[in-house]
There are 2 protein chains.
Amino acid sequence: MPENHYHRFFELFATPLRIEIIKQLKDNGSMNVTQICQALGEEQSKVSHNLKRLLMCNIVRVNQRGNFRYYELNKDTILPLLQLIDRHVETWCKECQLERRRKWV
Amino acid sequence: MPENHYHRFFELFATPLRIEIIKQLKDNGSMNVTQICQALGEEQSKVSHNLKRLLMCNIVRVNQRGNFRYYELNKDTILPLLQLIDRHVETWCKECQLERRRKWV
DNA sequence: CAGGCATATGAATCAGAAATCATATAGTGT
DNA sequence: ACACTATATGATTTCTGATTCATATGCCTG
């Protein structure tokens, strides 16, 4: 990835649904699409579309068993990444306005 | 930041301009707005708007000298973060389609 | 091979964030 | 106080990516 495409990578983590999917996989190991849908109360095609994005850059892997496709997190790189963010946020974003979205005042 | 706001953080790195700004600050240490604008050939208000987003979550800091506001990167957390991404990309995204945006096939 | 799941895909629409542009604020030197 | 520069802000428009919905593909079982 040329340096100027960093943002494409971060983009993958920049939506709530994909983050939720990642959390599910982090907690539960390996899940098929239906399981993810149920766990999140989200629609199948929506989840599939988003899994595709995650798959694209090896944030998740997939392996098929019969009719099902089991997705799992690429923990090697993703877990440390999330940890790093946690640390930053812990130290620097204590009262930062990440949550309140009304306006970026 | 509650866990479910991760994406707000990543969002900050998910645009080419902000990445360019970050790279400038990484390379040049401390720059005022005009310098950044010139370095990137971008418009002032555009840059200011984006710096604001970065400032919000301590990705950059600012300190004022006279009429100028000098921005610098919060290297402690941001550099390791970028490094981590580099590693992931190096290992996993060698021939992944991050750059070609036509379609996510 | 037919029927039924599980999942993927494509096209159209929708939403939200970035760019734009006009204007405001704030510091500086006279 | 005035003119000037540097930067910030707000409102509007523009774009891009996410959602939606309809449909396709693929596997499995009788």
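Throughout, protein chains are lettered first and strands after them, A, B, ... in sequence-line order, and every chain is numbered starting at 1.
Summarising the geometry, the separation between CZ on A/F10 and C1' on D/dG17 is reported as 18 Å, rounded to the nearest angstrom. The interatomic distance linking B/Y70 (OH) with D/dT7 (C1') rounds to 13 Å, in whole Å. The distance from atom CD of B/E43 to atom P of C/dA18 is 16 Å, rounded to the nearest whole Å. Straight-line distance from the CG atom of B/N32 to the C1' atom of D/dT7: 10 Å, rounded to whole Å. Atom CG of B/L17 is separated from atom C1' of D/dT16 by 16 Å (rounded to the nearest Å).
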Listed pairs, N/O of protein and of nucleotides 23-30 of chain C, under 3.5 Å:
residue, atom, partner, partner atom, Å
C/dG27, N2, B/N67, ND2, 3.4

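Under the side-chain hydrogen bond (donor to acceptor under 3.5 Å, both in side chains) criterion, A/E43 pairs with no residue at all, not counting sequence neighbours.
Nucleic acid contact class of B/S45 (heavy atoms, under 4.0 Å, all strands): base.
Side-chain atoms of A/H49 stay outside donor-acceptor range of the base of D/dG17, with no qualifying N/O pair under 3.5 Å.
The nucleotide whose nearest atom lies closest to any side-chain atom of A/F68 is, among C/dT7, D/dT19, C/dA18, C/dT7.
Both A/K46 and B/L51 sit near DNA chain D, but only B/L51 has its closest nucleotide nearer the 5' end.
Applying the 4.0 Å criterion to OP1 and OP2 of D/dA8, one finds that B/Y71 has a side-chain N or O inside that range. For D/dA6, the OP1/OP2 oxygens have no side-chain nitrogen or oxygen of B/R69 closer than 4.0 Å.
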